[in-house]
Amino acid sequence: MLRQAFAITGLSIRSIPERWAPSLVIVIGLAGVVAVFTALLAMAAGFESTLKATGRHDAAIILRGGSDAELNSAFDRDSTDLIKQEPGIRPGADGKPLASAELMVIAELVRKDDVKSGANVTVRGVEPAAFALRPRLKIIAGRNFTPGVRELIVGRGVLAQFQGANIGQVVRMRGSEWTVVGEFESGDSHESEMWTDINVARSTFGRIGSSSVLAALDEPGGFERLRAAIAAEPRLSMDVLREQDYFSSQTRQFRATIGVLAGVVTVIMGLGAVFAALNSMYAAVAARGKEIATLRALGFGGFPVVVSVMIEALLLALGGAMLGALIAYLLFNNLSVSTLGQNFTQVVFSFKVTPALVVRGLVIALFIGMLGGFLPALRAARLPVTTSLRES
Amino acid sequence: MPEPMVQVHEVTKVYERGRQKIEVLHGLTLDIPKGDFVALMGPSGSGKTTLLNLIGGLDQPTSGEIAVGGKRIDQLGSGQLASWRARNVGFVFQFYNLMPVLSAEANIELPLLLTRLSAAERRRNVAVALEVVGLADRAKHKPRELSGGQEQRVAIARALVSDPQLLVCDEPTGDLDRKTADEILGLLQVLNREHGKTIVIVTHDPKAAEFARRTLHLEKGQLLEQAA
Amino acid sequence: MTRSGFVIANLFRKRVRTILTLLSVIMAFLLFGLLQSVNTVFSSGADFVGATRLFVQARVSFTTPLPVSMVPKLEAIPGVARVAYQQWFGGVWQTNTPLIMFALDPQRYHDVYPEWKMPEAQWQAFEHTRTGLIVGRQLAKQYGWKIGQKIPISSNIWPQKNGSKAWQFDLVGIFDGKDEDWQKRTNLAFIQQDYFDEANQFGIKGRTNFFILKLADGANAEAVSKTVDAMFENSPDETKTQTEKDFNISFVKQIGDIGLIVRWILFAVFFTLLLVVGNTMAQSVRERIPELAVLKTLGFSDGSVLGFVLAEAFALVLAGGLVGLALASLAGAMVEKATGGQFLLKLDVSVWLLGVAAIVLMSLAVGLLPALRARRLRIVDALAGR
């Protein structure tokens, strides 16, 4: 039985070049579906991985209660000092609790590709402890900013998407001039930010407190202790989250939106591809009608014929899927883009065409191929032998 | 004597296949009077189908003159030739060439779409044509529901519906059994004797000679005259 | 029978093939309709908004507050008829449904937005009720709010003086839009700036997010914008002034180039469709060479035969395209209903027009080559099987 199937399949595949036009339809159709699907989800994956990479499990971010995002969070100096003294925070090299108060403000930069409209970028005022709390952050060009001076270091992502923030250039914020003195990389969403000394930021932007406090946790148990202590403190009304959880949750809406878009587009395109595949496979079966009938007359069973048609459909679908994945990879992988984050500032990220994504695309293609091959395969198996021999 | 229906004068036809030039007809001259029923016979490659195509205005001679119904057709442009065909010639082919997607009556109506007749008038003409070929009860059937002979009758009805003077048939009985072939030839004879149609058929069927008024033999692109 | 009857009959030579091709066309245009209307929603920037209003925000970001004390300076600028302002409240209904909600001065807002229609009595009530709240018709319908109700709304930015995030308001008015476009935007809520100033925990008084300038007749929008921005340049409250329409557009632009994404997807879709339908048309003509030759023998000109093939392609794409667009329209309307008007996805005229243009172009693209082949064929060769 199996040998019969393979024999027929070999025959049918060899005749594909004669039927190149309808076969091409399946290949290109599926390439399109898979390319679009892969590209859209690569966008979501890139965004998610950038934000997921941000934030550690053993650090906690403290925000004003109910604020959801750093943008909405603001609390005063006293609260900041109180927080730093709560239990659960790991001591730093100097014996003092390793925590950094940070202030989030917004600046406007001009995009590299669209000179007319500006976009908002996060400016983070930090304390020296901020660097110790983020060991992956490294200055890769220029130098760090000097405390007390209006100087900025900018993330790699900022330089990729915006102009006017290169080392040596001056950025105007709130009527004052700031010099860019260095570039940093961190492998996460902080690369979309510009950093400066928190006190200079406070005085320039007329703020007296902080947006958040980032604290290293004294694990095990540090997170729980910190959370409980802050909850119990009547003078504080704060939300305490693991840094990683906070940033992950920021991707929720984007992922949901892209997920819906990718889902709808893929389903509709997929249906279109199924119809196109059905069309082509029916044509293929018709073209091979005489050959199939002869085989049947010779004694080959119906089942091997079905198998050969299905295999042909699946192979073409697979070919299309790989073509589509390749196109998505070549055109989009590591393409840098930016979009609006939770704080109404830009988050820079890159498309990520991952192996898992490619596999998912292949699975979808195989599914479509199966749907497109099944009915024609049945028809091929059930054609009365005499009709087929006469018709051709 | 009145002008002949078809006048062929010193007609030569040369085909180019790639780099080769094949001369199929050599300076052929022939007259077909009005009301004649001519059978063109000859071996394969004798040029009889080529001659038929030229008389029917499906192709044009390389040199020479052809006039049908007094009108020179060898110099017409392809658009003019098409209009001329619509009004003056009816064709019947060996393989019926009916539109499989249309019913018998719709097939017959097809040539009338080229006229200015109203829908009602068209339907009337179609009905008449169906009566003449004796298929009024099969009007709504599709070709695949008709027998070979019936399909050929529909083809003949279609050829007649614009009331052309000249009927041109290429192997009309080539695909039919003896009995059916005789029926078709008989129908053609009726059209010739009772309706005055000038008919030219190309055929391999020796019995066709009995139904026609005259038989002409072609060999290697030249006429071998023979009296009826 | 007629010529068009003939064309349609020919479409159904191979019924299964035609239906499957038709379905592919429908899917492609369904996607086209949906994606284009998403694109339109994002890029139209409310074209119906006139240029008579300017939005003034802090140059850096609209999230940065500006002092209300700027009002007299703005009013003094020639060309400015009236100044209103609004402050983002960050309203949240029932735990996690965000509302588009602003704190403002009722009188000024009323003067600057004549497009909102509300009985004068309700405007008065809004002005004189400290805790007053007015909402748009869509919002009221969505949550079943009625005038006279006390509506509890939290803010995720501003807690009240007592520390609670929950604010309580009295619904005193429901407004409608002056026409369908404006009615679509009645998903807004407004409260009094004065109450807000008094009751918020931070003691933030006299701050706002935007000023809205209503221009006098004949005033030049660009000139006034430049004047405003020049006035506050180099101050701690630098401004950015643009027309209301540009403001809407720039906001969407920050999300990303939606148009580009849509174009790429549609390019892939239509390229594939071209192949699918083109293949069908080519096959269909190839099978019919003898029949087309017979048509010519009957007296149909070369041009007519070309016409038949093109008409067939057009009929196929037109049928599929119209059905696809109609389905998209239906889907869009369903989405709109399901989300209570939050997602405006209904296909508007521009998308339909674009769709018809796409139908015509695609018909030509898939039909032209086969049609030319049909026109060229020589009767004698075709009938002889060459």
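So that the names make sense, note that chain A is the first sequence line, chain B the second, and so on, each numbered from 1. Values reported hereafter were calculated over all heavy atoms of this structure, with side chains retained and with hydrogens, waters and symmetry mates removed.
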Which is it for C:K296 and B:D59 under the salt bridge (charged side-chain N to carboxylate O under 4.0 Å, His left out) test, yes or no, and what are the steps along the way?
-> CA-CA 11 Å; C:K296 290 195 184 185; B:D59 201 357; over 6 Å; no
With chain C, which of B:A119, B:S83, B:P100 has the greatest number of heavy-atom pairs at distances under 4.5 Å?
-> B:P100
C:V380 vs B:T50 side-chain heavy atoms within contact, under 4.5 Å | no
Can you find a heavy atom in the side chain of C:R378 that is under 4.5 Å from one in the side chain of B:L58?
-> no
So, do C:F300 and B:L113 sit near enough that their side-chain heavy atoms are less than 4.5 Å apart?
-> yes
For B:A82 and C:S301, work out which heavy atoms get closest and say how close.
-> CB-CA, 4.1 Å
Over all heavy atoms of both residues, which pair between C:A9 and B:L102 is shortest? Give the atoms and the distance, please.
-> CB-CD2, 4.0 Å
Looking at side-chain heavy atoms only, is the closest gap between C:F12 and B:V101 below 4.5 Å?
-> no
Do B:F93 and C:T297 touch side chain to side chain, with heavy atoms closer than 4.5 Å?
-> yes
Inspect the surroundings of CZ in C:R17 and state if more than 12 heavy atoms from other residues, nucleotides or ligands are less than 6.0 Å away.
-> yes
Heavy-atom distances under 4.5 Å only: say whether C:S304 touches chain B with side chain, backbone, both or neither.
-> neither
Below 4.5 Å from any heavy atom of chain B, which atoms of C:N10 appear? Answer side chain, backbone, both or neither.
-> both
Contact class of B:R123 relative to chain C, heavy atoms under 4.5 angstrom = neither
State, with a plain yes or no, whether a side-chain heavy atom of B:R85 is found less than 4.5 Å away from one of C:I379.
-> yes
Shortest non-hydrogen contact from C:L298 toward B:P111 | CD2-CG, 4.1 Å
4.5 Å side-chain heavy-atom contact, C:V294 and B:R158 = yes
Residue among B:E109, B:R87, B:E105 with most heavy-atom pairs under 4.5 Å to chain C | B:E109
Between CG on residue B:N107 and CE on residue C:M1, distance to nearest 0.5 Å | 7.5 Å
